[in-house]
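No experiment lies behind these values; they were computed from the predicted model shown.
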Amino acid sequence: MRPLILLSNDDGYAAAGIRQLADMVTDMGDVLVVAPDGGRSGCSMSFTSSVPLSLRKISGGYGLPHTEVYACSGTPCDCIKMAMHEVLGGRRPDIVLAGINHGDNAAVNLHYSGTMAVAIEGTLKGVPSVAFSSRKIEAQADFSALRPTVRRIVQKVMSQGLPKGVCLNVNYPDAESFQGIRSCRMDMGDWVNELERRIDPRGRTYYWVTGSYESHNGHDPATDTWALDHGYIAITPIQIDMTAHDFQFEV
């Protein structure tokens with residue numbers, strides 16, 4: 001039986017990134033895409049509990065062999081739950097892939113990321129999971145330069161697995177060639193100037209969420225921010241257990 005590869009994202013099933021990711025791996029197994037029916041960026045691990053979910057199969061998929069595509073009305077987290085409980089009929093994926101996200105998910109941004117939610121939910125389900133993101137943000141971005149390393153990473157994870165409770169956060173610089181691959185730790189930083197206040201034509205106040213990221217230690221070559229800034233692919237292992245094991249709080 002061919003391996004089963006489950007894909008999702010937070011940019012929506014029609015996004016260029018997930019279409020290209022499917023194309024990169026379609027010869028490596030049966031590919032199932034269950035992704036949101038539209039953009040869900042920044043929704044993190046949220047799931048839908050207040051309204052029913054819907055699911056529809058996309059006729060013709062992406063025109064790729066061994067590939068089926070479904071659009072889900074929910075979040076990326078919902079999509080993995082829907083795939084596992086409804087679409088697959090009990091069959092377990094061999095790997096869960098997220099992305100390719102239009103925009104990086106390095107540093108503390110991974111906590112907000114719907115792309116990372118796909119990998120985290122897959123890991124919670126006991127499936128080796130990898131999230132791919134790029135600093136290219138254009139809607140029709142060409143991610144072909146990522147193909148060789150995406151395939152290498154997927155092949156290695158499919159053959160060797162990952163430690164229990166660990167997934168990979170893979171981020172690419174906005175480039176057509178790369179200085180190399182670095183195993184990194186997550187950079188720490190803050191988002192600043194996060195809201196832009198405006199006045200509508202009727203004099204009412206409204207806000208756009210905006211802002212910029214300021215690194216605390218992006219000068220440190222061990223961080224994912226440094227790697228991306230210097231043209232490297234950053235691979236950050238992420239663990240599900242968020243316990244601060246070296247700290248005990250006594251009352």
dist S133:OG -> I137:CD1 (nearest 0.5 Å) comes out at 13.0 Å
Would you list the atom pairs, donor with acceptor, under 3.5 Å between side chains in residues 70-79 and any protein atom, with sequence neighbours excluded?
| unit_1 | atom_1 | unit_2 | atom_2 | d |
| --- | --- | --- | --- | --- |
| S73 | OG | S54 | N | 2.8 |
| S73 | OG | S54 | OG | 3.3 |
| T75 | OG1 | S46 | O | 2.7 |
| T75 | OG1 | C77 | N | 3.4 |
| T75 | OG1 | D78 | N | 3.1 |
| T75 | OG1 | D78 | OD2 | 3.2 |
| D78 | OD1 | T48 | N | 3.1 |
| D78 | OD2 | T48 | N | 3.2 |
| D78 | OD2 | T48 | OG1 | 2.6 |
| D78 | OD2 | T75 | N | 2.9 |

Applying side-chain contact (heavy atoms from CB on, under 4.5 Å) to A35 and not counting sequence neighbours gives S8, N9, Y13, I18, V33
So salt bridge (charged side-chain N to carboxylate O under 4.0 Å, His left out) across residues 139-156, not counting sequence neighbours, yields D23-R147, D27-R151
List the atom pairs, donor and acceptor, that lie under 3.5 Å between side-chain atoms in residues 174-184 and the rest of the protein, sequence neighbours left out.
| unit_1 | atom_1 | unit_2 | atom_2 | d |
| --- | --- | --- | --- | --- |
| E176 | OE2 | K136 | NZ | 2.4 |
| R182 | NH2 | P221 | O | 3.2 |

Note to self: side chain to side chain donor-acceptor pair (under 3.5 Å), that's the test. Do D224 and Y232 meet it? Break it down for me.
What the structure shows: CA-CA 9 Å; D224 50 10; Y232 289 88; over 6 Å; no
Contacts satisfying ring pair (Phe, Tyr, Trp, His ring centres under 6.0 Å) that involve residues 101-160 (not counting sequence neighbours) are H102-F143
Looking at D200 and G203, would you say the former's side chain and the latter's main chain have a donor-acceptor pair under 3.5 Å? yes
Sorted by chain and residue number, the side chain to side chain donor-acceptor pair (under 3.5 Å) partners of T26 (sequence neighbours excluded) come out as T67
By side chain to side chain donor-acceptor pair (under 3.5 Å), D10 pairs with (sequence neighbours left out) T115
For residues 94-112, the salt bridge (charged side-chain N to carboxylate O under 4.0 Å, His left out) pairs (sequence neighbours left out) are D104-R135
Quick note, ring pair (Phe, Tyr, Trp, His ring centres under 6.0 Å) partners involving residues 20-40, not counting sequence neighbours, are none
For residues 29-56, the ring pair (Phe, Tyr, Trp, His ring centres under 6.0 Å) pairs (sequence neighbours left out) are none
**Asked** Heavy-atom distance under 4.5 Å between the side chains of L7 and L32, does that happen here?
**Response** no
For residues 115-131, the salt bridge (charged side-chain N to carboxylate O under 4.0 Å, His left out) pairs (sequence neighbours left out) are K81-E121, E121-K125
Residue pairs meeting side chain to side chain donor-acceptor pair (under 3.5 Å), one or both in residues 158-171, sequence neighbours left out, come to N169-N171
